Amino acid sequence: MTNSSLQSRIAALLWGFSALLLVTICTSFVLHGFDAYMLTFMVLSVALSAWGQMLVRRWLAPLAKLNSVIADVSQGRFNNRVTGISEKKDEISLLCWNLNDMLDQLNTFFREQETSFRANLDGKFYRWAISGGMHGGFRKGMDNQNVLLGGMAGQRVGSMRNQLLSRIHTLNTDNLLKNLASNQDDLAVITNKMEHLSSLSRRTREDAEQSQDSVKDVVQRLAGIIERVNNANAAITRLNARSSEINKAVSLINSIADQTNLLALNAAIEAARAGEAGRGFAVVADEVRKLAENTKNASISIGKIMGMLQDEAAKMLDDSAQMHEIANSSQSVIARLEHKFGQFYESAVTTLEGTRYVQDLSFASLIKVDHVIYKQRAYAIIGDKDNFELRNAVDVDHNSCRLGKWYQQEGKEIFGGLASFRSLQDPHARVHTSVHTAIQYLNQGWEQNTEVQDKIGKAFENAEEASMEVMKTIERLVTEKHPQMV
Amino acid sequence: MKRPITPTSVERVMRENDFIVSMTDTKGRITYGNRIFIEFSGYSEAELLGTQHNIIRHPDMPRAVFKLLWDKIQAGEECFAYVKNMSKDGGFYWVFTNVTPVYDPSGNITGYFSVRRKPKPSGVHTMATVYAAMLEEERKAGAANAIAASTKLLVNILTEKGLSYDELVLAI
């Protein structure tokens, strides 16, 4: 086989025909003499040959381009095309267009395959291979590619999902354990304190019972005093009555004395009148004897009264001694009572302090549990993206949650003066903003994008860190507020 | 070279099994167009070769879309877009275009390869509305700020939907 091109072979053929014609005409000149017509044919045939050469060159020109394009394809390059194709619909121009169409199909097929595959690796799972405009086997190839991409996407999403879930799970487990341990400590302290408070209360109750007995004793003793005082009153009343009797007796004695005096005067007169006195004197003597008797009676009655008075006085003395004793003993009972009340007061103060401490500690524990629950909800959203109940619960900011409200009101009143109080606000805000950031990233295709996943992980780590700081600050607040309890 | 062509309301609709393929050099000059391109654009191959690809740009298209497209493909990324093109006779045809860079063996971009398919009617409807709004922004902002203004509008729409541009055009 020779190396000559198709074009040169056709040229040789054309020139061959021209040469043959030339030889024929020359032979005719030699045999039949010169002929102008023949000369014209000769010139025309040469011109036709030359024109044919030119046409052939133009018609076959695309062949070189076709050749180079096909050579490229055999090297795996599909970007070359045949251009400048004749608008005449001959076989060669159709061949060119068909080759171009074939290359378009091939080129598009490989581009689609590569681009969609690469997008899939980048996590852009929405980028499917597009089969529109492709024909037959190419279209089928694209459909197969999409089956492959779907499988890859599913696997990738699954593994990305697991990756974040496992990361969050580890983060959660670590921190949840710490949080729960801290709550456990709080509950242990609360239990301990409550035990102490309850033993204090038990003692207070026992003391109160004892004191009740003492008070009953005092009341009984006071009742005794009142009885004695009543007795004394009665005795004094009786004494008054006796005093009037004494008065009567005394006046009786007085009248007796008067009469005795008169009788004595009469006796003196009678004695003076008669010496024969015997008779009248005897009467007077009798009267004097009666007077003496009356006087003796009166004297006896006074003596009796005096004895009675002595008895009453003795009784009153006795009562007084008893009252004294009662008063003395009451005083010591009351002193004991006073001491008990002092103890009650101290117990009450201690109980109150303990109660406040336990209350603060309980609140701190509640805040911790709140945070644990808040974070658990945020974590739960990863697996349950459209749960609006969870989302609403996590959406609250650091001013609207329990701690936030407490911070602005009771917390400020009770702890506002402490240095730690102000340092609570910043980490608390960070817990909420970090969780919000993480939740926002959840909408940005973390299942396809490790960068987003990393951002979510970072945000949750920030939230955990800030949350730990909040818990420590609250513990410090409680400690600073109740230094005597620690 | 811009010849004044008056747009008409004559629409050409692409066929399901066809695609328009064209290639340009890095400056956007056409180096190849397939027969479907020639058919829809109404130009001959000779007229197309060496001409800027914007020969078929329709005045209803906001400039920002082409800015976005060029930014992306110059960065080596592929770009999707709904585009309304104008034929030589002023008629129009909607395409769903995908442009990818062409590399030489040492990895330099030597040109761009564009495949334009029959677009989804829902996508055409949506993007025609978006483009009209963007065009209005461009008109209001004046030539100097046109692209910035309509890009902002597009970015706002994307942010609101939470989608990238590619995601949006592939989804509608």
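Just so you know, these numbers come straight off a predicted model, no measurement behind them. Computed over heavy atoms, backbone and side chain alike; hydrogens, waters and symmetry mates excluded. Chain letters run A, B, ... following the sequence lines, proteins first, then strands; residues in each count from 1.
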- Task: Flag the one option from A:I130, A:N443, A:I85, A:T115 with the top tally of heavy-atom pairs under 4.5 Å to chain B.
- Result: A:I130

- Item | Interchain contact, B:I30 with chain A, by part (heavy-atom threshold 4.5 Å) | neither

- Message: Assess whether a salt bridge exists between A:E464 and A:K375, defined as any Lys/Arg side-chain N lying under 4.0 Å from an Asp/Glu carboxylate O.
- Response: yes

- Task: Sort A:D122 into side chain, backbone, both or neither according to what part of it lies under 4.5 angstrom from a heavy atom of chain B.
- Result: neither

- Item | Interchain contact, B:R35 with chain A, by part (heavy-atom threshold 4.5 Å) | both

- Item | Per-residue contact mode, B:D166 against chain A (heavy atom under 4.5 angstrom) | both

- Query: Do A:Y379 and A:F460 have ring centroids that are under 6.0 Å from one another?
  - Reply: yes

- Task: Check whether B:V102 gets within reach of chain A through its side chain, its backbone, both or neither, counting any heavy atom under 4.5 Å.
- Result: both

- Query: Looking at A:L63, A:D90, A:L66, which hits side chain to side chain contact (heavy atoms under 4.5 Å, CB included) with A:C96?
  - Reply: A:L66

- Task: Locate the shortest heavy-atom distance separating B:V21 from B:R116; write the atom from each residue and the value.
- Result: C-NH2, 4.5 Å

- Message: Against the six-membered ring of B:Y32, is A:R81 placed for a cation-pi contact (under 6.0 Å from the centre, within 45° of the normal)?
- Response: yes

- Message: When you compare the side chains of A:S5 and A:S8, does any donor N or O come within less than 3.5 Å of an acceptor on the partner?
- Response: yes

- Item | Contacting region of B:S164 [heavy-atom separation from chain A under 4.5 Å] | side chain

- Parallel, tilted or perpendicular: rings of B:H53 and B:F37 (30°, 60°): parallel

- Contact part of B:E78 toward chain A, heavy-atom cut-off under 4.5 Å: side chain, backbone, both or neither? side chain

- Task: Between chain B and each of A:R118, A:Q105, A:K124, A:R127, count heavy-atom pairs under 4.5 Å; write down the option with the most.
- Result: A:R127

- Message: Heavy-atom pairs under 4.5 Å with chain B - which of A:D104, A:T83, A:D101 has more of them than the others?
- Response: A:D104

- Please say whether more than 12 non-hydrogen atoms of neighbouring residues, nucleotides or ligands are located less than 6.0 Å from CD in A:E451. no

- Query: Side chain, backbone, both or neither: which part of A:E112 has a heavy atom under 4.5 Å from chain B?
  - Reply: side chain

